[in-house]
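The figures that follow rest on heavy atoms only: side chains count, while hydrogens, waters and symmetry mates do not. Bear in mind that the values here come from a model prediction, so they are computed numbers and not experimental data.
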Amino acid sequence: MRSEQEMMDLILEYAGQDERVRAVGMNGSRTNPNVPKDMFQDYDIVFVVTDLDSFVADPDWIDCFGSRIIMQTPEDMNLFPPGLDGNFSYLMLFSDGNRVDLTLCPIEKKENWNNGDKLSIVLLDKDQSLPALPAPSDQDYWVERPSAAFYADCCNELWWVSTYVAKGLWRQEITYAMDHLNKNVRPMLIKMLEWKVGLDTHFSVSTGKNGKYLQQHLPEQSWRALLSTYPEGTYEGVWRALFALLDLFRSTAREVAERLNYAYPLQDDRNVTAYLMRVQRLEPGAGSM
C-alpha cells in the first residue's frame with residue numbers, strides 16, 4: 001500500500017505538471033487533527049482547474065494515479081444524481097487499498113472551492129489566488145445544543161414512527177418494519193445520544209458521521225445498550241430491538257430534558273408503550289386489539 005507521502009507526492013506531481021490545474025486543496029478527515037489516522041481514510045482532493053470539460057472528455061487521464069478496483073463518477077449517474085454545482089468528481093478505490101475522492105472545481109468557483117468547509121487546507125496555489133483559510137477545525141461538526149422545539153420534535157418522531165414498526169411486525173412485513181426502525185426511529189435515538197454527549201462535553205466535540213465516535217463518549221452500559229438495538233433478521237429479534245431502543249431513548253431523553261430544563265413527553269411514552277405491547281401480544285395477521 002502506498003504511503004501517505006507517496007500519495008501526496010503523486011497528486012501534487014500531476015497537478016504541478018498539468019497547466020490546467022491551477023490549485024489543489026484537501027478537506028475531510030485527513031485535515032482533521034482530532035481524527036486518528038488509519039489506512040482507510042480517503043484523500044479528499046480538489047483540483048481547481050481551467051477547461052474542466054477537457055478532463056471529463058478524456059476518461060483515461062486519471063490512470064496516472066494507479067490501477068483501480070472500482071470507480072464512481074457521481075455526475076454521470078442517473079440513479080443518484082448529485083448536486084455539486086458544476087463540479088465533477090472521481091471516487092476511486094485503487095488496487096493497493098488507497099482511496100482518492102478527486103473533485104474538479106472550475107476556476108470560476110475558486111473563491112469558494114471548499115464550499116465553506118472549515119476542514120480544508122490549500123496544498124498548491126500556482127497563482128496565489130485562493131482565499132486565505134484559517135487552521136482546519138471540525139467546529140462546524142460539533143454537536144449543537146437543541147432548542148426545546150427540536151427536543152420535542154425528536155421525541156414525537158420516535159414515539160410516532162415506532163407504531164409503524166409494530167404495524168409492520170404484526171403484518172409480517174419485516175422489511176417495512178426494519179426500514180422504519182433503522183431509517184426513522186434509530187436516527188432519533190442517535191440524535192438524543194449526541195445531545196447527551198454534547199451536554200457532557202459542553203457541546204465541544206463531534207460524534208462523527210452516523211455517530212461513529214459515540215463509543216468514545218458514552219458510558220459502557222449505554223454503548224452496550226445501543227448495540228442491543230440492532231436486530232437480527234427475525235420478528236422476535238426486531239421486537240426485542242425495538243423495546244431495547246425505546247428503553248435507551250427513554251432514559252437518555254429524560255436525562256437530557258432534566259439537564260436542559262425541558263419537558264419530557266411522559267404521557268406519549270406511556271400511551272405508545274402500552275399500544276406496542278398490545279400489538280406484540282396479538283397473533284400476527286389476525287385478531288383485534
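Neither I69 nor M39 shares a network with the other; the hydrophobic side chains, linked directly or stepwise wherever heavy atoms of I, L, V, M, F, W or Y lie under 4.5 Å apart, form separate groups for each. Cluster membership check: V24 shares its hydrophobic cluster with M92, using side-chain heavy-atom separations under 4.5 Å among Ile, Leu, Val, Met, Phe, Trp and Tyr. Cluster annotation: V46 is not connected to L123 through the hydrophobic network of ILVMFWY side chains, with a link wherever side-chain heavy atoms come within less than 4.5 Å. Under the 4.5 Å side-chain contact rule for hydrophobic residues, M26 and L119 do not share a cluster. If you chain together hydrophobic residues whose side chains sit under 4.5 Å apart, L12 and V49 fall into the same group.
Here D38 pairs with nothing under the side-chain hydrogen bond (donor to acceptor under 3.5 Å, both in side chains) rule; sequence neighbours left out.
Between L91 and P74, the closest heavy-atom pair is CD1-CG, 3.9 Å. Contact detail for Y264 and R254: the closest heavy-atom pair is CD2-CG, 3.7 Å. Heavy atoms only, all atoms of each residue included: N112 and G116 are closest at OD1-N, 3.2 Å. Across L52 and G86, no two heavy atoms sit closer than the pair CD1-O, 3.8 Å. The shortest heavy-atom contact between N182 and P187 is O-CD, 3.4 Å. Counting all heavy atoms, side chain and backbone alike, M188 lies closest to F249 at O-CE1, 3.7 Å.
Proximity of V279 to L169: side-chain heavy atoms (C-beta onward) are nowhere separated by under 4.5 Å. With contacts defined as side-chain heavy-atom distances shorter than 4.5 Å, the pair Q280/L242 does not qualify. With a 4.5 Å cut-off on side-chain heavy atoms, L193 and V197 do not count as touching. When side chains are defined from C-beta on, D200 counts as touching K196, because their heavy atoms get closer than 4.5 Å. Using a 4.5 Å cut-off on side-chain heavy atoms (C-beta onward), R186 and Y230 make contact. Between E255 and L199 there is no side-chain heavy-atom pair separated by less than 4.5 Å. Taking the side chain as every heavy atom from C-beta outward, L248 and L189 approach each other to under 4.5 Å. Within the 4.5 Å cutoff, no side-chain heavy atoms of V272 are placed close to those of L246.
M71 CE: more than 12 foreign heavy atoms inside a 6.0 Å radius. Summarising the local packing, CE of M1 is surrounded by more than 12 heavy atoms from other residues, nucleotides or ligands at distances under 6.0 Å. Under a cut-off of 6.0 angstrom, the local environment of CD in E232 is crowded, with over 12 non-hydrogen atoms contributed by other residues, nucleotides or ligands. In this structure, L227 places its CG atom where more than 12 heavy-atom neighbours from other residues, nucleotides or ligands lie under 6.0 Å away. Counting heavy atoms of neighbouring residues, nucleotides and ligands inside a 6.0 Å radius, atom NZ of K209 does not exceed 12 of them.
One distance of note links CD1 of I62 with OG1 of T73; it measures 8.0 Å at 0.5 Å rounding. In this structure, the separation between SG on C155 and CG on D269 is 9.0 Å, given to the nearest 0.5 Å. Summarising the geometry, atom CG belonging to L93 is positioned 8.5 Å from atom CG belonging to D96; distances are rounded to the nearest 0.5 Å. One distance of note links CG of L158 with CG of D153; it measures 12.5 Å at 0.5 Å rounding. Here L218 contributes atom CG and T207 contributes atom OG1; the two are 9.0 Å apart, rounded to the nearest 0.5 Å. Here NZ of K191 is found 9.5 Å from CD of E144. Values are rounded to the nearest 0.5 Å.
Using modelled atom types, one side-chain atom of K109 and one backbone atom of D85 make a donor-acceptor pair closer than 3.5 Å. Proximity of a side-chain donor or acceptor of E75 to a complementary backbone N or O of S89 within less than 3.5 Å is detected. Put simply, the side chain of N98 gets close to the backbone of R2: a donor and an acceptor are under 3.5 Å apart. No donor-acceptor pair closer than 3.5 Å links the side chain of S137 to the backbone N or O of K118. When atom types are taken as modelled, the side chain of D18 and the backbone of R20 share a donor-acceptor pair closer than 3.5 angstrom.
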>> Run the side chain to side chain contact (heavy atoms under 4.5 Å, CB included) test on L226 and I190 for me, step by step, so that the C-alpha distance in whole Å, both residues' side-chain angles and the decisive distance to 0.1 Å come before the verdict.
In response: CA-CA 9 Å; L226 175 59; I190 297 298; 4.2 Å; yes
> Passes side chain to side chain contact (heavy atoms under 4.5 Å, CB included), T273 versus R250? Steps please.
Replying inline: CA-CA 11 Å; T273 299; R250 177 183 298 109; 3.2 Å; yes
>> side chain to side chain contact (heavy atoms under 4.5 Å, CB included), that's the test. Do W113 and L130 meet it? Break it down for me.
In response: CA-CA 8 Å; W113 67 268; L130 296 188; 3.9 Å; yes
>> Working note: W170 + K167, criterion side chain to side chain contact (heavy atoms under 4.5 Å, CB included); need CA distance, chi angles, decisive distance, verdict.
In response: CA-CA 5 Å; W170 180 81; K167 177 171 63 177; 5.9 Å; no
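Looking at E220 and R224, a side-chain N of the basic residue comes within less than 4.0 Å of a carboxylate O on the acidic one, giving a salt bridge.
Side-chain polar atoms of S3 and Q5 form no donor-acceptor pair below 3.5 angstrom. The closest side-chain donor-acceptor pair between N27 and T31, if any, does not fall under 3.5 angstrom. Side-chain contact, R22 with S129: no donor N or O sits under 3.5 Å from an acceptor N or O. Judged by distance alone, the side chains of Y141 and D117 do bring a donor and an acceptor atom under 3.5 Å apart.
Ring geometry for Y176 versus H180: interplanar angle of 30 to 60°, hence tilted. In this pair, F65 and F94 present their aromatic rings perpendicular. The plane angle is above 60°, beyond the 30 to 60° band. Under the 30°/60° scheme for interplanar angles, the aromatic rings of F55 and W61 are found to stand perpendicular. Aromatic ring pairs are classed by plane angle as parallel below 30°, tilted from 30° to 60° and perpendicular above 60°; the pair Y151 and Y262 is tilted.
F40 does not carry R99 over the face of its six-membered ring by the limits of under 6.0 Å from the centre and within 45° of the normal. Geometrically, R145 does not engage F150 in a cation-pi contact, judged by NZ or CZ lying under 6.0 Å from the ring centre and within 45° of the ring axis.
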